[in-house]
Amino acid sequence: MTVRVRFAPSPTGFLHIGGVRTALFNYLFAKKNKGTFLLRIEDTDEERSTQASTDAIFEGMQWMNLLWDEGPMPDGTNKGPDAPYYQAIRADQGIYKKYIDQLLAEGKAYKCYCTEEELEANRQKCLAEHRPPKYDGKCAHLTPEQQKELEAQGRKYVIRFRMPQEGDVEWDDLIRGHVKFASKDLYDLVIQKTSGYPTYNFAVVVDDHLMRMTHVIRGDDHISNTPAQIQLYRALGWKEPIFAHLSMIHGPDGKKLSKRHGATNVVEFRNMGYLPEALKNYLALLGWATSDSQQLFAPGELEEKFDIAGCQPSPAVMDPEKLNWMNGEYIRATPLPRLTDLALPFIQKAGINVSGVSREKLEGIISLEQEKYKLLTEIPDLIRFFFEDPVFEQEALDKVFGKPEAKQALELIIDAYGKLTDFTETHLETAARTTAKENGLKAGQIFHPIRVAVSGRTHGPTLFKMLEYMGKDTVLERLKKAVTYCKTPVC
RNA sequence: GUCCCGUUCGUCUAGUGGCCUAGGACGCCGCCCUCUCAAGGCGGAGAUCACGAGUUCGAAUCUCGUACGGGACGCCA
């Protein structure tokens, strides 16, 4: 049996990082088992579903490189034999209606004419009696005459599923193990709204069956929906898929990850300078681990090693520190041409004009601190002084230019570098060391002032390579200017 | 309130009855390397395995209870 799994988001907002993780686990499970990964848009909420949200889902999935084998495509076409993949369209085609009618005909479902007020009154009554809110079955046994009368009054109706009340509903969850619910705690859920649209619980069941899903991997906030869905499968005469309920991602306070914990929208992670591969690697490790706790995975390795049995049932707290470390690891492993491509939008956004520099030189400049970047957003400020006059840090001014020998050191190196014809790394270093030695200065006493003079900072890339990239004119100009910033030694 | 689920270093986790005086990773601290900052190397601190009973020669691992935390109880998905 070929594995078939799906990611089925509802387009009612941006693509949440928790949703991305669910999608990722489905994707990895499909790849690992040489199965099919499908995308389906659950837009049966007519009020909240938007095209913009659907677009955001496509955008996020594509950025994360979680490409689906079957499903709707951004250009409006469909890929796969079970199109359409939008539930709203499927509803319009009468796909769900067919099964609603079947249940109605078999007496497994019924029309319910209760008003919102009646429902609310019942809910309050249940709560007051310390019982779980559960539909009271007021419309469960109406005669055709009563129904006709209510309809004559202009009453709208929903369709409710007649939930079996005997015994237990149980299943073997791939992550939780054996899970059991008492049927009596289940209620007659609405499967079709007054609008004629199916509800979530009904539409998923129908589509997961029609699309031949073998496994349903989703967040554990769906655990309590599962028994009702299993009853629906049975009522329709279908075999239910294998379920796997993933733990949720929590914020540092132990609560479900939400806006107040910081970024939750995948697009924000892109804007913050994360690499999709890094985020993917990090997310995979949130709730899953190999038996040797491997941290970093080469391309394709996750797809190969992922095992749903290694998933943790307990919730995982998202740790930005670790994500940042991992992103740094990925940045270090990124070939320079690609890193430069990735950095370019951030450099432009920061307002740095690099149009006058060759691609080769730009790559060189970026490479100087490649091992330091944790986020792509850090790149602009770390390379800015190559393209603009340095902004002097107060600390640099005090600590380095405050030294009595700083001014002399700069004057000496201006002289030495002025005479240098080959303005390259090794010559620059030799000249600096020689100058220091000849004048009784320690190497550091001359290196540090140079660094501050050209960059405005006490730390940065390896000094002489940096000078080489800046070029003789710029370096001398900056050194001369810096002399005026130095304190004249007072005797 | 009812039901369901969860609980190993601060965080992500390894662990499926003896290899555990509990391993790895992030973060933290120290040392080395070094023109600075990083990166890298080496080392360190950090978990009475939520608690309490029980089963067993032996329990982080099995059973039961307690506590705490989370989730679900919609014509939302």
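The model shown is predicted, which means the values in this text are computed figures rather than measured ones. To find a chain, count down the sequence lines: A is the first, B the second, and so on, and within it residues start at 1.
B:rG69 is paired with B:rC5 under the criterion used here, namely a Watson-Crick or G-U wobble arrangement in which both key atom distances are under 3.5 Å. Under the Watson-Crick and G-U wobble criteria, each requiring two contacts below 3.5 Å, nucleotide B:rG10 is paired to B:rC26. The nucleotide B:rA77 finds no pairing partner, because no Watson-Crick or G-U wobble arrangement with both distances shorter than 3.5 Å includes it. Base-pair partner of B:rU61: not found among the strands shown (Watson-Crick or G-U wobble, both distances under 3.5 Å). Using N1 to N3 plus N6-O4 or O6-N4 for Watson-Crick, or N1-O2 and O6-N3 for G-U wobble, each under 3.5 Å, B:rA45 pairs with nothing.
In this structure, CD of A:Glu329 is placed 13 Å from C1' of B:rA38, rounded to the nearest angstrom. Summarising the geometry, the separation between CD on A:Gln445 and P on B:rU36 is reported as 14 Å, rounded to the nearest angstrom. The separation between A:Leu441 atom CG and B:rC35 atom P is 16 Å, rounded to whole Å. If you take CG of A:Asp307 and P of B:rU13, they are 15 Å apart, rounded to a whole angstrom. The distance between atom CG of A:Asp319 and atom C1' of B:rC9, rounded to the nearest whole Å, is 14 Å. Across the protein-nucleic acid pair, A:Glu321 atom CD and B:rC28 atom C1' stand 10 Å apart, rounded to whole Å. The CD-P distance, from A:Glu393 to B:rU36, rounds to 16 Å in whole Å.
With A:Asn122 contributing its side chain and A:Glu118 its backbone, the two residues share no donor-acceptor pair below 3.5 Å. Formation of a donor-acceptor pair under 3.5 Å by the A:Tyr200 side chain with backbone atoms of A:Ser10 is not found in this model. A side-chain donor-acceptor contact under 3.5 Å links A:Asp43 to the backbone of A:Ala88. No donor-acceptor pair closer than 3.5 Å links the side chain of A:Arg433 to the backbone N or O of A:Ala443.
Side-chain atoms of A:Arg451 come within donor-acceptor range of the base of B:rC35, with a qualifying N/O pair under 3.5 Å.
A:Gly460 comes within 4.0 angstrom of a base, heavy atoms only. Counting any heavy atom pair closer than 4.0 Å across all strands shown, A:Arg433 reaches sugar-phosphate atoms only and no base atom. When heavy atoms are screened at a 4.0 angstrom cut-off, A:Glu425 is found touching no nucleic acid atom at all.
Each of A:His130 and A:Ser314 was assigned the nucleotide of RNA chain B with the nearest heavy atom; the assignment lying further toward the 5' end belongs to A:His130. Residue-to-nucleotide proximity on RNA chain B shows that, of A:Tyr282 and A:Ala182, the 5′-proximal contact is made by A:Ala182.
Residues A:Ile175 and A:His245 have side chains not in contact (no heavy-atom distance under 4.5 Å, counting atoms from C-beta outward). Inter-residue side-chain proximity for A:Ser183 and A:Met163 is flagged as unmet; no heavy-atom pair is nearer than 4.5 Å. Taking 4.5 Å as the limit, every side-chain heavy atom of A:Ser247 sits out of range of all side-chain heavy atoms of A:Trp288.
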If the sugar-phosphate is the primed atoms plus P, OP1 and OP2 and the base is the rest, what is the B/S/- string for nucleotides 64-77 of chain B, using protein heavy atoms under 4.0 Å? ------SSSBSBBB

